[in-house]
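If you read the sequence from its start, that first residue is 1, and numbering goes on from there. Please read these numbers as outputs of a predicted model, since none were measured by experiment.
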Amino acid sequence: MLPRHSPHILLCFLVAALLGGGLVACTPNGIYHTVQPGQTLYQIAQTYQVDATRLARVNRVDDPRKLRAGQRLYIPGVSQPMKVPATAATVKSPAARSTVSKQTADKSGKSTVDLKKKQPEPSRNKPKRTVKTPAKPTKGLFDWPVKGEVLNGFGTRGNSSLRGIEIGVKKGTPVLAAAPGKIIYSGDAIRGYGNLIIIEHSDNYFTVYGFNQKNLVVVDDYVGKGDRIALSGEPPNGKSPRLHFEIRRGKDAVDPRFYLP
């Protein structure tokens, strides 16, 4: 069953990439677009009316300028292919729009100083995507989502490994956002996690909250640190009530102990 509140199937792919699991329960709801000569990721995103940053992320495109002809891009949330203009000139459309605005301002006699300040705005997103997270963990960067005994810690033990920690709490305990961010997944389509929430934070950090009895947020919600996002529940394997909690830096799971107070 697909998550009722997820408007974009790309979330399933993002969750799979983050959690390193399969998508047995996720039924794709999108198409593949084959890039033609002259087409750009920006053009494709605009034509299909999807966010260019998310389109790049789900297809693991690190540099949109290096899109090549013949490359297949997964376009989430659409049912049929569309004709994308085959002209590379659209790549420069943000700058072109700034130029047009500047020319308009010149004709109207208004100052162009502010326009020059606004012009770099499209490129402002690029540094954010390439900023590297600190080499050393930052203690206290995230808060505890619940207070309780850590039943299972991060790491490998024998033949099993845990990408996060499991915190023992009573069923129905409020689960709090460990840091401010945006809800990018809220559903139960990922096997082994029950009701699951993933929050995207700044600097390429993600937090994962699993085994929830009930999710209180939906995709695209913005939450602050300490906001209630769920009620804790039980794991699908029938063990005692607990919260599964992970901190991820990109796709890599990190030990939450080094980031919690």
Side-chain angles (χ1 to χ4, degrees), residues 1-30 50-51 54 57-58 74-79 142 144-146 148 150-152 154 160-201 205-224 226-248 250-253 256:
M1 181 179 68
L2 288 174
R4 184 178 58 183
H5 301 301
S6 175
H8 305 297
I9 195 64
L10 68 86
L11 297 176
C12 291
F13 288 86
L14 178 58
V15 170
L18 286 171
L19 303 181
L23 289 176
V24 177
C26 249
T27 304
N29 181 23
V50 298
D51 182 76
R54 289 187 175 180
R57 181 187 299 153
V58 76
Y74 182 80
I75 314 295
V78 299
S79 58
F142 296 94
W144 288 88
V146 292
V150 176
L151 304 178
N152 289 306
F154 177 90
S160 63
S161 62
L162 189 63
R163 298 185 181 92
I165 59 176
E166 293 182 352
I167 309 169
V169 288
K170 292 182 179 180
K171 190 174 180 179
T173 299
V175 178
L176 311 180
K182 180 181 180 180
I183 306 298
I184 62 168
Y185 183 85
S186 178
D188 60 357
I190 308 303
R191 180 179 296 177
Y193 290 89
N195 285 319
L196 177 73
I197 290 173
I198 297 180
I199 303 179
E200 182 177 14
H201 309 282
Y205 280 103
F206 300 84
T207 50
V208 180
Y209 312 76
F211 305 160
N212 302 322
Q213 179 186 38
K214 181 181 181 181
N215 291 350
L216 303 178
V217 291
V218 297
V219 171
D220 291 335
D221 279 352
Y222 286 89
V223 294
D227 285 354
R228 287 167 51 124
I229 59 173
L231 300 178
S232 64
E234 301 171 341
N237 59 17
K239 291 184 178 179
S240 60
R242 63 191 66 192
L243 173 73
H244 175 88
F245 177 66
E246 299 181 21
I247 296 177
R248 298 234 166 190
K251 294 190 296 181
D252 298 323

**OP:** Could you check if a side-chain atom of Asn212 sits within less than 4.5 angstrom of a side-chain atom of Leu243, using non-hydrogen atoms only?
**Re:** yes
**OP:** State, with a plain yes or no, whether a side-chain heavy atom of Pro235 is found less than 4.5 Å away from one of His244.
**Re:** no
Subject >> Minimal non-hydrogen separation, Leu176 against Gly226, with atom names >> reply: CD2-O, 3.5 Å
**OP:** Could you walk me through whether Ile183 and Ile199 pass side-chain contact (heavy atoms from CB on, under 4.5 Å), step by step?
**Re:** CA-CA 5 Å; Ile183 306 298; Ile199 303 179; 3.5 Å; yes
Original post:
Does Thr173 offer a backbone N or O that forms a donor-acceptor pair with the side chain of Ser232 under 3.5 Å?
Top reply: yes
**OP:** May I ask you to decide if Ala177's main-chain N or O and Asp227's side chain share a donor-acceptor pair within less than 3.5 Å?
**Re:** no
Original post:
Between atom CD of Glu234 and atom NZ of Lys239, what is the distance when rounded to the nearest 0.5 Å?
Top reply: 13.0 Å
Subject >> Check against side-chain contact (heavy atoms from CB on, under 4.5 Å), Phe154 and Ile247 >> reply: CA-CA 10 Å; Phe154 177 90; Ile247 296 177; over 6 Å; no
Original post:
Can you name the nearest heavy-atom pair linking Glu200 to Ile184, along with the distance?
Top reply: OE1-CG2, 3.5 Å
Original post:
With no hydrogens and no angle check, is any side-chain donor or acceptor of Asn195 less than 3.5 Å from a backbone partner on Asp188?
Top reply: no
Original post:
Passes side-chain contact (heavy atoms from CB on, under 4.5 Å), Leu196 versus Asn215? Steps please.
Top reply: CA-CA 8 Å; Leu196 177 73; Asn215 291 350; 5.7 Å; no
**OP:** Compare every heavy atom of Gly172 with every heavy atom of Leu231, then report the nearest pair and how far apart it is.
**Re:** CD2-O, 3.6 Å
Original post:
Rounded to the nearest 0.5 Å, how far apart are OH of Tyr185 and CD1 of Ile190?
Top reply: 4.5 Å
Original post:
Any side-chain heavy atom of Trp144 sitting closer than 4.5 Å to one from Val150?
Top reply: yes
Subject >> Listed partners of Lys182 passing salt bridge (charged side-chain N to carboxylate O under 4.0 Å, His left out), at least two apart >> reply: Asp220
Original post:
Taking the six-membered ring for Trp, are the ring centroids of Tyr209 and Phe245 within less than 6.0 Å of each other?
Top reply: yes
**OP:** For the residue pair Phe142 and Tyr205, categorise the inter-ring angle as parallel (less than 30°), tilted (30 to 60°) or perpendicular (more than 60°).
**Re:** perpendicular
**OP:** Give the C-alpha distance, both sets of side-chain angles, the deciding distance and a yes or no for side-chain contact (heavy atoms from CB on, under 4.5 Å) between Arg248 and Ile198.
**Re:** CA-CA 10 Å; Arg248 298 234 166 190; Ile198 297 180; over 6 Å; no
**OP:** Would you indicate whether the side-chain heavy atoms of Ser240 and Leu151 approach each other to under 4.5 Å?
**Re:** yes
Original post:
What is the minimum heavy-atom distance between Ile167 and Pro145, and which atoms define it?
Top reply: CD1-CG, 4.3 Å
Original post:
Which atom pair, heavy atoms only, marks the closest approach of Asn152 to Arg242?
Top reply: ND2-NH1, 3.5 Å
**OP:** Hey, could you give me the OG1/CD distance between Thr207 and Glu246, rounded to the nearest 0.5 Å?
**Re:** 10.0 Å
Original post:
CZ/Arg163 to CG/Asp252 distance, rounded to the nearest 0.5 angstrom?
Top reply: 11.0 Å
